[in-house]
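Notes follow once the structure below has been shown.
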Amino acid sequence: MKAAGRSVRTRLRDHLAASDPGLLRLTAGLRTVGAIALTLAVLASAGFDITHLVAGAMAAMVATFAIREKQRGAQAVTLAVGLPVALVSVSLGAVLGERVLVGDAFFVVLIFVAVYGRRFGDRGTALGLIGFQVYFVSLFVGASAAQLPGLWAVLAVAFACSALVRFAVVPVTPAGLLLRLRTAFRARLGRLVSAQLALLDAGPDEVDKALEDVREGTARLHETALMIQSRLEEGTPDESTARLVQRRIADAEIAAERLGLLLLSARSAQRADTLTLHLPGAPAPEVGRLPGPDEATAVLRRDLLALRTLVVRTGAGGTGVAQLRNRLLGYRDEENLPVATPAVRDVFRAVGETARAVMGLRIALEGPQDESDDSPATARSREELDAEDAAIDAGEEAEAADAPKGLRRPTTRAAVQVSVGSTLAIAGGELLSAHRWYWAVLTCWIVFINTASTGEILVKGYRRLLGTVFGVVAGILLAALVGRHTWTAFFLVLLLIFAMFYTAPLSYTLMSFFVTAMLGLLYTLLHTYSWEVLVLRVEETALGAACGVVAAALVLPVHTDRRTNELLVTVLERLAEVTEAAVGQLSGGPAGDLLDKARELDQALGDLRAATQPLTHPVTPLRARRTNARYVVALLETCAYHARSLAATAELLPTHPSIAADPRLRGAAGRTVRNIVTIADRVADEDVTVPVETGPSIASLLGGDGTARYGRITDRVLRHLERLDEAVVGLARPLAVPVKTPDH
C-alpha cells in the first residue's frame, strides 16, 4: 500500500512538473494569494474598513507580481525601493485625483516614465509597474488627501506581507528553481517517449493524433530546455557546472527528437521529412506496419518502455534498471542490433543514443553513479562522457571572456506610443464616465506590455476584450451569489487571483476573464456594483484597446511585417553562424563555443515565433499569409534542429576517436551557408536579386554517390547537412528568393 501511495504521488508530481515546468505558475499564484491573504488578515485585525482592505489586497498583488529579478538579494532591494515609490504614487493620486487637467497630465507623464524605465532592466520595469499600478489603486478606491495616513499604513503592511511570503513562506532560490526545471525536463522527456511509443503502435486512423502528440511533446521539451538554459548562470555554483548541464540537456533533447523522426521514417512508406515534426497540422505520411520481422517490432516496443523507465526513474534504480540501461546502450554497437531493415536498425541506434544521453544527464545532475553492474558498452559510454566533461572543464576559462551581452530594447518609442494612446484613452474614457475613465487607460497600458508591433498589440487587445466580455457575465453571476457576504467575496477573489496568475502564461484571454470576474466582486465589496458598471467596464476596455492600436499604428509605428523581417534576418544570421562554426570544427578547424551559438539561435527563433502570432492567429483574414508564415517558421525550426545536431556532433570531435575531422565538409557545406546569407540579404533588402544555388548532393560533393554509408557518425553528419541544405533551399519559395538550378 505504501509503495502504491508513493507511486501515485510520484505520478502526480511528474504530471505537475510536466504541465508547469519549475512550478513557476504555481509559485506565482501561491505567492500572490498568500501575500493578499496575509495582508487582509493583518489589516482586518487592525480594524481597517473595506476600502482599505481592497487597497491593501491590490497593493499586495502589485508588490508581488512586479518583482522579476532572479536573485533573492536583488528582489529584496527592489521591494525596499518600491515602497517609497508606492507611497509617492498613492499620495500624488490622492492629491491630484480631484484636479482633472493636472491629474490627467501627471498620469500621462507617469505612464511615459514607467514604460521608459524598462530600459533599466528588471528593476526599472518593476518600479514602473509599481508606480503606475498604485496610482491606479488610488483612483480605483477614490483616495483623498484625508485618507493618506491610512493608505500609507496599508501600503507598508502590503509590502511587508509580500516580502514575508516571498522570502519565508514560498521561498524560491535559483538553485531550487533549476532543480524543479530539471525535474520538469525529465517528466517531459518521459512523456515524449510515451508519445513515441504510441506512434509506434498507432493504426492508420490514429497516426495523425499520435504524430500531433509527438509534435507537442517535442515542442514542450524544447521549451523546458530553453527555460533551463536561462536559469543556469544563477542556479549553478560555477561556469563549468553550468556548461556541463547545458551540454547534457542539449544532448538529451537532440537525441529524443532524432528518435521520433527515425521512428516516423521507419513506419512511413516514404521518407519522413524533419518538417513533419515542426509544421503544426501537417498531415502524417502514409504509414503501415513496421517493416521487418514482428520480433523486431516487439523488441522495439519493449525497449521504448525500458527507455521511459530510465528517464522517469530517480535514484540509483537497482540491478534491474542497470540491466535495462546496459541492454539499450548495447545498441550503440553494430553487433548488438537485432535483425531488421536498415530503417528499423536506425531506430534501435537512436534508442541507444538516447539512453546514453539520459545517462549523461543523470551523471551531470546527480553525480557519479554505481558502476558495478556496467556492461562493456556502458563502460565505454561512461568513458566518453568523462572525456567530454574534462574537455568542458578545460575550455571554461577561454570561453568566459566571450559571454554574450544583453541588448537594449527600444523603450523610448514604446513610451511615446503608450503616452499618446493613454492621452486618447483619457479623453475618450471621460466622455464615457467621469469616474471610471481609468479603465480605458489601464487597457491601453496593458496591451503595450511585452509587445513590439502593431499586429501584436491588435491581437492582445482583441484577447483582452474577449476575456473581459465573458468575465463581465461571470462577475454578474458571482456578485448575485455573494451578495453582502464580505469574507465569502474575499475568498472568491483569492481563488480568481490564483487562477489569473496560474493561467497567465497559457492564455491572455483566460487571464482577462479572471481579472474581470474578480473586479465584479471588488465592486460588490465597495458597494459600487451594478449592471451599468460592468457594461461600462467592457466599453472602456474596448476604447482602451482601440486607442492602443491607433497609437501604435500612427505614432512611430513598427508594422508586423517589418518586425518579423528584422527577426527573420536575425534568425538566419544565427543559423549561418552555427552552421559555419559547426562545419568548420567538423572539418578540422579550431574549437568554438557552439552551444552558446545554438542557444542564441533558439532564442532568436523563439522571438520570431512570438512575433508571427498576429500573422498565424486563427481570426486573421489573410489565410494564405497565415499558411506561409507557419510554413516558414516550421522550416526554420527544422533548420535549427539540424544545426543544433551538427553543433552537438562537432563538440564530440575532440573526445571521441570514432569521429574524425573531414576537411572536405567545409567546401561541401559552403553552398548551404552562402544560401542562408543570400536569403537573409533578400529579406533585409528586396532589391537584392542574387539567387539561391542548388546542385549535387552533399554526399556526392564528398566524393560519394549519395547512397553509400560512411559509418554511423559520418553518415549522421551527412544526413543533417543534406536535410539542412534541402530546408534552406525550401525557404526560398515562400520568401520569394529566386533559385538557380545549375546547367547539367
Side-chain angles (χ1 to χ4, degrees), residues 6-27 172-198 213-214 216-232 235-236 241-260 303-318 320-322 324-325 328-329 350-370 381-382 385 389 602 648:
R6 284 196 298 270
S7 177
V8 171
R9 288 196 299 272
T10 300
R11 287 197 298 270
L12 288 175
R13 182 190 63 198
D14 287 347
H15 175 79
L16 185 60
S19 62
D20 181 15
L23 305 183
L24 293 174
R25 304 198 323 266
L26 180 64
T27 299
V172 176
T173 62
L177 176 57
L178 183 59
L179 177 62
R180 290 200 291 272
L181 284 172
R182 284 159 22 190
T183 302
F185 184 85
R186 191 192 73 243
R188 285 192 164 179
L189 180 56
R191 286 194 166 196
L192 178 55
V193 175
S194 296
Q196 292 167 347
L197 184 61
D213 289 342
V214 171
E216 182 182 358
T218 303
R220 289 190 171 188
L221 187 69
H222 183 59
E223 173 195 23
T224 310
L226 290 179
M227 294 173 70
I228 290 173
Q229 290 177 0
S230 69
R231 302 280 177 169
L232 281 174
T236 49
T241 304
R243 292 190 57 76
L244 178 60
V245 173
Q246 181 184 8
R247 173 58 191 270
R248 297 299 170 229
I249 290 289
D251 285 347
E253 180 193 355
I254 292 170
E257 189 167 359
R258 181 184 296 122
L259 174 59
D303 288 337
L304 285 174
L305 286 169
L307 179 61
R308 185 176 63 185
T309 299
L310 290 183
V311 170
V312 301
R313 184 69 63 90
T314 57
V321 172
L324 294 179
R325 181 190 63 219
L328 300 187
L329 289 173
V351 169
E353 293 297 334
T354 307
R356 177 193 182 276
V358 170
M359 184 174 73
L361 184 61
R362 188 180 295 275
I363 293 173
L365 300 181
E366 300 176 8
Q369 309 288 301
D370 182 12
S381 295
R382 288 192 191 277
L385 293 169
D389 296 350
D602 286 334

First locate atom [atom1] of [X], then atom [atom2] of [Y], and finally report the distance between them rounded to the nearest 0.5 Å.
X	Y	atom1	atom2	answer
Thr173	Arg180	OG1	CZ	7.5 Å
Leu178	Thr183	CG	OG1	9.5 Å
Thr354	Leu310	OG1	CG	10.5 Å
Asp251	Arg356	CG	CZ	6.5 Å

Exercise: identify the closest heavy-atom pair between [X] and [Y]:
X	Y	value
Arg231	Leu181	CG-CD1, 3.7 Å
Arg362	Val311	NH2-O, 4.2 Å
Gly190	Val312	CA-CG1, 4.1 Å
Leu329	Gly352	CD2-O, 3.8 Å
Leu192	Gly217	CD1-C, 3.9 Å
Leu189	Ala256	CD1-CB, 3.6 Å

Any non-hydrogen side-chain atom of [X] less than 4.5 Å from a side-chain atom of [Y]?
X	Y	value
Ile249	Gln246	no
Glu216	Arg220	yes
Asp303	Leu307	no
Thr218	His222	no
Arg248	Val245	no
Leu361	Arg186	no
Ile363	Arg382	yes
Leu24	Leu177	yes

Would you say the side-chain atoms of Asp20 pair up with the backbone N or O of Leu26, donor to acceptor, closer than 3.5 Å? yes
Show your reasoning for whether side-chain contact (heavy atoms from CB on, under 4.5 Å) applies to Arg308 and Leu305. CA-CA 5 Å; Arg308 185 176 63 185; Leu305 286 169; 3.1 Å; yes
Take Leu226 and Glu223 through the side-chain contact (heavy atoms from CB on, under 4.5 Å) test and state the conclusion after the steps. CA-CA 5 Å; Leu226 290 179; Glu223 173 195 23; 6.0 Å; no
